[in-house]
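So the structure is just underneath, and the comments pick up after that.
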Amino acid sequence: MNAVTLRYVSLLLLRRVGLVLLGFAALVQMFDLFANADDIADNYGPGLGPVLVYLAYRLPATVALVMPFSILVGSLLTLLGMATNNEITAFKAAGLSFYRLLLCLMPAGLLFAAFHFVIADRVAPAALRALGEREIIHTAKRPGGATARNESNPAWIRAGDMI
C-alpha cells in the first residue's frame, strides 16, 4: 500500500464526511431550535444570546447523534465519487485491489471512531449537564422561581418508593 494512496483516500474521506457531518448537524440543530424556541425563551431567557448558548451546549449531543449516519453517507459519497471519476479503475490498473483500497480507508475510520467515542462519552454528557444547570440557575432567578436558600440545598420529593 502506497503512502500517497493512503493519504489521498483518507483525506478524501475526511473531507466528505466532514461536510456531510456539518450539513446534518446544522439541519438537526435548526429543527431542534424550531421545536424548542418557546422553551428556550422561558428556561434560559429572551434574546439571541441564550439561543446561541443553548445551541452551543446542544451541539456535541447533536454531533454524536448524526455522526454514524454522516460517516455512512460520506463514505458512500467518497466511493461513488471515486468510481465516477474512474479513480477506482486507475487504482486497479496500478495493481491495487479493491480490498486494499478499502483498507486505505481504515485510518480515517479509526479516527472517526475515536472522535465519536470522545464526543458521545465525554463531551456531550458534560455539555447537557451544564445546560441543565444553566436552566436551573435561570429559573431560580426569575420571579416565582426557586428561592435562593434552595440553590445550595435541593429539596427531594418522594411518592411511595420513587424519588
Side-chain angles (χ1 to χ4, degrees), residues 3 6-82 102-163:
L6 178 70
R7 188 175 62 233
Y8 173 72
V9 173
S10 293
L11 286 177
L12 196 63
L13 179 67
L14 285 171
R15 266 187 258 136
R16 297 258 168 95
V17 170
L19 288 174
V20 170
L21 180 65
L22 182 68
F24 281 148
L27 187 68
V28 170
Q29 286 277 78
M30 183 181 64
F31 287 147
D32 183 34
L33 177 65
F34 290 155
N36 298 320
D38 292 336
D39 294 335
I40 293 170
D42 290 342
N43 295 335
Y44 304 103
L48 183 62
V51 170
L52 294 177
V53 168
Y54 174 81
L55 290 176
Y57 279 120
R58 290 283 300 161
L59 184 63
T62 303
V63 168
L65 177 73
V66 300
M67 191 158 184
F69 188 67
S70 299
I71 293 170
L72 175 68
V73 171
S75 56
L76 288 175
L77 286 174
T78 299
L79 292 174
L80 179 68
M82 290 175 69
L102 290 179
L103 195 62
C104 289
L105 299 174
M106 189 66 68
L110 292 174
L111 184 68
F112 288 135
F115 181 71
H116 183 262
F117 175 75
V118 169
I119 292 290
D121 190 56
R122 300 287 177 201
V123 178
L128 292 177
R129 198 173 315 113
L131 184 65
E133 290 172 2
R134 287 184 67 92
E135 179 181 357
I136 290 171
I137 290 170
H138 178 73
T139 54
K141 288 181 181 176
R142 71 179 178 199
T147 60
R149 63 178 171 80
N150 288 335
E151 286 182 15
S152 62
N153 190 11
W156 297 90
I157 299 173
R158 177 181 289 238
D161 290 338
M162 194 162 55
I163 295 177

query = Which atoms form the tightest heavy-atom contact between Cys104 and Ser10, and what is the distance?
reply = O-OG, 3.1 Å
task = Using salt bridge (charged side-chain N to carboxylate O under 4.0 Å, His left out) as the criterion, list what pairs up with Arg58, not counting sequence neighbours.
result = Asp32
key: Results of side-chain contact (heavy atoms from CB on, under 4.5 Å) for Val20 - residues two or more places apart only   = Phe24, Ser70, Val73, Leu77
inquiry  = My understanding is that only residues two or more places apart in sequence, or in another chain, count here; which of them pass ring-ring contact (aromatic ring centres under 6.0 Å, His included) with Phe112?
reply    = none
query = Below 4.5 Å, heavy atoms only, C-beta onward: do Leu105 and Leu79 meet side chain to side chain?
reply = yes
query = What's the spacing between Leu33 CG and Ile40 CD1 if we round to 0.5 Å?
reply = 5.0 Å
note = side chain to side chain donor-acceptor pair (under 3.5 Å) pairs touching residues 120-133, sequence neighbours excluded, are none
request  = Give the minimum heavy-atom separation between Pro107 and Leu103, together with the two atoms involved.
outcome  = CD-O, 3.8 Å
remark   = Here the gap from Ile136 atom CD1 to Leu131 atom CG, rounded to the nearest 0.5 Å, amounts to 10.0 Å
ask   = Got a sec, which pairs hit ring-ring contact (aromatic ring centres under 6.0 Å, His included) with one end in residues 30-59, sequence neighbours left out?
value = Tyr44-Tyr54
request  = Compare every heavy atom of Ala120 with every heavy atom of Pro125, then report the nearest pair and how far apart it is.
outcome  = CD-O, 3.5 Å
ask   = From Leu11 CG over to Leu6 CG, what is the distance, rounded to the nearest 0.5 angstrom?
value = 9.0 Å
Salt bridge (charged side-chain N to carboxylate O under 4.0 Å, His left out) partners of residues 6-27, not counting sequence neighbours, each pair once = none
query = Counting only heavy atoms not in Met106, do more than 12 fall under 6.0 Å of its CE?
reply = no
For Val118, side-chain contact (heavy atoms from CB on, under 4.5 Å) partners two or more places apart = Val123
remark   = Those residues at least two apart in sequence (or on a different chain) that pass side chain to side chain donor-acceptor pair (under 3.5 Å) with Thr62 are Gln29
request  = Return each pair, listed once, that meets salt bridge (charged side-chain N to carboxylate O under 4.0 Å, His left out) where at least one residue sits in residues 17-27; pairs must be two or more places apart or across chains.
outcome  = none
message = My understanding is that only residues two or more places apart in sequence, or in another chain, count here; which of them pass side-chain contact (heavy atoms from CB on, under 4.5 Å) with Phe115?
response = Val63, Met67, Ile119
inquiry  = Rounded to the nearest 0.5 Å, what separates atom CG in Leu55 from atom CG in Leu48?
reply    = 9.0 Å
message = So, using side-chain contact (heavy atoms from CB on, under 4.5 Å) as the criterion, who are the partners of Ser75 when residues are at least two apart?
response = Leu13
